[in-house]
Every structure is written in structure tokens, then in C-alpha cells.
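Working notes, structure below.
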Protein chains: 2
Amino acid sequence: MRNECIDCECVLRSSVELKDCQIEMLGGHHALVKFRKGDSIIKQGVFSTNVIFLRKGMEKVHISGPSREQIVRLVKAPTYLGLPTTFGDKINQYSVTAVLDSEVCFIDLGVFKKLLGENREFSSYILMELCKSELEAYRRCASRTQKQMRGNLADVLLEFSENLFETDQFTLPLSQSDIGNWVDAGRESINRALSEFIQDGIIEMTGRKVKITDKKLLRTISQNG
Amino acid sequence: MRNECIDCECVLRSSVELKDCQIEMLGGHHALVKFRKGDSIIKQGVFSTNVIFLRKGMEKVHISGPSREQIVRLVKAPTYLGLPTTFGDKINQYSVTAVLDSEVCFIDLGVFKKLLGENREFSSYILMELCKSELEAYRRCASRTQKQMRGNLADVLLEFSENLFETDQFTLPLSQSDIGNWVDAGRESINRALSEFIQDGIIEMTGRKVKITDKKLLRTISQNG
DNA sequence: AGAAAGATGTGACATATCTCACAAAATAAA
DNA sequence: TTTATTTTGTGAGATATGTCACATCTTTCT
């Protein structure tokens, strides 16, 4: 099998120096897999001994709540997925589903841990990522509950345009139901709010294609709540 | 200065083997400080180059949200505090305030990082802690939004009795306002719900002293929402 | 002790969202 | 192409909580 890790633009290469022998090791213990939009990549409750590196695509992270499934996060490549599973009981603690066609690399957990132990730079990178996630979760919690729906929806649109797609024009990778789920609102409320945004000239929409036309106002809505 | 680390029941000793020279190093670069209930231990936005190990006590972790301060977590000793600050820009990313009298150990960040690099067992312990926090944050988010107030309040009471104090009788370390803030509810709602719980024979209260008398029912309320 | 600040009870009312109910579109499957 | 299935668009009514307004109580500070 050819060692794809050598060409991989993964975080390992870009921000962390790996020794050749370490790349070699990865090469021998991974599996590159493609997923289509809508496919489940990680399923909560299932036993797993892999870490997953997302090479291409975008995924929603969701966790089963008391009464329904809850989207807690949207991530885009490149990033690692399922780390919290790694260090616990090897049971996936949440689910990850592709919202865009994706390419993913399954890495053997043992190899991953070995790498962590050998490469200090790498382990501190992972540590940092985990810290960021935790903070992000806290911030999101505070926002979602203190703002009302329009503010949260504005946040989502800004998130898409600034972090996820990095353009003012993009195609929503989530249904209105999913967006509602993500921001703790009903589908209908999201729908109505989107209509308002269009009428107020903040965005234009054709199907799921969105164009942000008044980002300033969108920011205001995001802030005041 | 006497090396208190040698007697410290801290996580370093209990779950991770440290070499004598490493304990020595800690001893030379730390400061033990006592805080009284209500004192601020970590203040969001302030520059800091310390990791904090909580030896005794209980703290609330709060973060400034769009419109007000939001409690995101309650922690008890022994644990580390302020890790997310550690690996970022050295600015505290949230605040920590004592809700009970506490004893805390300020550890020099450099020393802490050195330890992380040298002791694989220790760094994997920290990694694990971070993973747990992240998951906990996700779960909490899902719960808080999907359950209604009574369910969340029940959760808080169970959290106190099962994780934080580990008894069915305890004294609430938070005001009703704080509890409300924590579970995303108004102070008044919490007050009314507590009265209901008392009337339904689920708990008894004298001032802030709580005694859980029907834990089974409390669990039911926690679950159904 | 006395004053000031904060914490707790409780009522009445406003309101942002949820929920239910259907119809029209758009996608996916056959 | 036709048939299912999933999304989206809108209305009307129900409701869980928030908000405001006071009246105790407590605790803290001077």
C-alpha cells in the first residue's frame, strides 16, 4: 500500500514536525475512506479503536440528549475527530455525520498514542485543540441561552461565512431543522427568522444558497441578542 | 520553604508517579494560597502564567456571555483549574470563584509544561481530564436545552448529592440566583420549583440546608424533563 | 447595635417560542 | 417518469418562563 501520509496535508505535517519513521508508522496503520454527505462516520455507543483524521469535508457532531439528538458542533477539515473516545473506554461518546462529501483517515489508536508519547510537539498540539474545544463549548452554551433566536441564527450565518466557508456566499449544508436543533430553536422559528432576514435585506437566498449582503447588521443582531 | 508537595494529596501523587526530582521542582515553584468563600481565584481577561491546582474546596467556573456572566460548571477538589489558559495566549479565558473556603496551589506554567513533557503518564492524565470536560460540556448543553426547568433543577440537586458532596444532606453553596444562572432559569422560577419539591415531599429544606428525601422521584423528574 | 446590602418568598402579566396542522416544493428512490 | 420522502412555508393557539414589583428575612459591614 502506498503511504498516503507523505502527501497528506494533515495537521501532522503542517504544524508539527514528524520524523520519517513516524510517518512510516502512520502509513502502515491507517485507512483512507470516503464518505458521502449524510453518511455516519462515528456512531455514539459503538466500540472503536481508531482516531479519525478528517482530510476533506465538513461534519456535524451530535450527541444524544434526554429527548432527542442534539447537534453540538460543526467542524471542517483539517481536524481530528473522536478524540474524547480515545482516552476513555473506547466507546464513542458522540456521533459524527458528514454534511458534505468527506475524506477521512482512520488511524490505529495504538499508533496514535505512541505518536503522542514520542512527539512532544504533537501532544501539545492535541492538548491545545482540546482546550479550544472546551472553551468553545462554554462560550456557545453562554451564547445560546442568553441570546434569543435571531441572535443565534445570526451567529450561525456568521460562523458559516467566517470560519467554515470563509466567503459571504455559500450553500447551507444543514436543513432548517438541523439549524434549529443546533441553536436550540424549532424549525418553524428558524424559517420565519430567515424570511425576516431576507426582507430586511440582510441576506439573499435561492434554495439553500445564501449570500450575506449586510454583514454589519447581521453582526449587530448577533450582538444585541 | 518547606516542600508541601511531598504531603500534598494532589493528583500528581495519587494517580501519577512523579520522580523525586520532579517533586523537588514543583516544590521550588509553587505557592499555596487560601481563599475564602466568595473570593475570586481566576479572573477572565487577566494575564496569568500559573496553573492552579485546587487542593481543597469547591469553585464555580463562569464565563462572560453576551449579556451577563454565566456559570458553566461547578468543580470540587482535587482538580486542576485554568488549563485552557495554559495553552493559549496566557489570558484567562474564564473566571473561577470559590463557593466554599478553598486551598489552592499556584504552579509555575513553565514547570507545569516541563512536567507534561517529561512525564507521559501525567500528560495523558491531563489529556483525559480535558476530554472529560469537553464531553461534560456537550452533555450539559444538550440537557439544559432539552429539559425544562424542573428537570434541570433536579439534575443540580442530584449533582450535589452524588458527585459534589456525596451525601443526601448538604448545604447549598450557591444562591438561588446562581442556581438559576447555572441552569438557564430565572431566580424566581428556581424558588418556586424548590417550593414545589418541598411540597411534593422530594426534599426538605432549612435555610440552605437540603435533605433529599425521595431520590427516586427526583430521578424521575430529572429524566422526563 | 444599627444600617446597608443581598437573598428569599410570591403575585400578576407580558411574550418569545413551541406545538399542531396543512399545503406546496424540492429531493431521492423506484 | 412516477412515487415516496424529506424539506420548506405559514397560520393560530397554548404555555413555560421571564420580568417587574414588593415584602420579608439574612447576612455583612461600620
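Remember, predicted model here, so these are calculated numbers, not experimental data. Proteins get letters first, then strands, A, B, ... in listed order; numbering begins at 1 in each.
- Across all strands shown, B/Asp184 has heavy atoms under 4.0 Å from sugar-phosphate atoms exclusively, and none from any base.
- The side chain of B/Gln176 lies closest to C/dG9, out of D/dT10, C/dG9, C/dA7.
- The interatomic distance linking A/Arg150 (CZ) with C/dT15 (P) rounds to 16 Å, in whole Å.
- Mapped onto DNA chain C by nearest heavy atom, A/Ala185 and A/Gly207 fall at different nucleotides, with A/Ala185 at the one closer to the 5' end.
- Rounded to whole angstrom, the span from the CG atom of A/Asn181 across to the C1' atom of C/dC18 amounts to 14 Å.
- Interface remark: the B/Glu188 side chain does form a donor-acceptor pair with the D/dC20 base, using a distance-only criterion of under 3.5 Å.
- One atom, CG of B/Asn152, and another, P of D/dA16, lie 15 Å apart when rounded to the nearest Å.
- Scanning all heavy atoms of the two residues, the minimum distance from A/Gln70 to A/Trp182 falls at NE2-O, 4.1 Å.
- Within the structure, a side-chain polar atom (N or O) of B/Ser189 is placed less than 4.0 Å from OP1 or OP2 of D/dG18.
- The distance from atom CZ of A/Arg192 to atom C1' of C/dT19 is 10 Å, rounded to the nearest whole Å.
- Atom P of nucleotide C/dT8 and atom CG of B/Leu153 are separated by 13 Å, given to the nearest angstrom.
- The nearest pair of heavy atoms linking B/Ile221 to B/Arg150 is CG2-O, 3.7 Å.
- In this structure, A/Tyr94 and B/Tyr138 have perpendicular ring planes: the angle between them is above 60°, well past the 30° mark.
- Ion pairing between A/Glu162 and A/Lys215 holds under the 4.0 Å rule for side-chain N and carboxylate O.
- The distance from atom NZ of A/Lys37 to atom P of D/dT7 is 10 Å, rounded to the nearest whole Å.
- Picking from C/dG11, D/dT8, D/dA16 the nucleotide with the shortest atom distance to the side chain of B/Gln148 gives D/dA16.
- OP1 or OP2 of C/dG9 sits under 4.0 Å from a side-chain N or O of B/Asn191.
- A centroid separation of 6.0 Å or more is found between the aromatic rings of B/Phe53 and B/Phe106.
- Rounded to a whole Å, the CE atom of A/Met205 is 12 Å from the C1' atom of D/dT7.
- For D/dG18, the base has no donor-acceptor partner in the side chain of B/Arg187 [N/O atoms by modelled type, under 3.5 angstrom].
- The residue A/Arg208 sits close only to the backbone: its heavy atoms come under 4.0 Å of sugar-phosphate atoms, none of a base.
- In this structure, CG of A/Leu174 is placed 17 Å from P of D/dT6, rounded to the nearest angstrom.
- Dashed line: the shortest gap from a side-chain N or O of A/Ser195 to OP1 or OP2 of D/dG9 is not under 4.0 Å.
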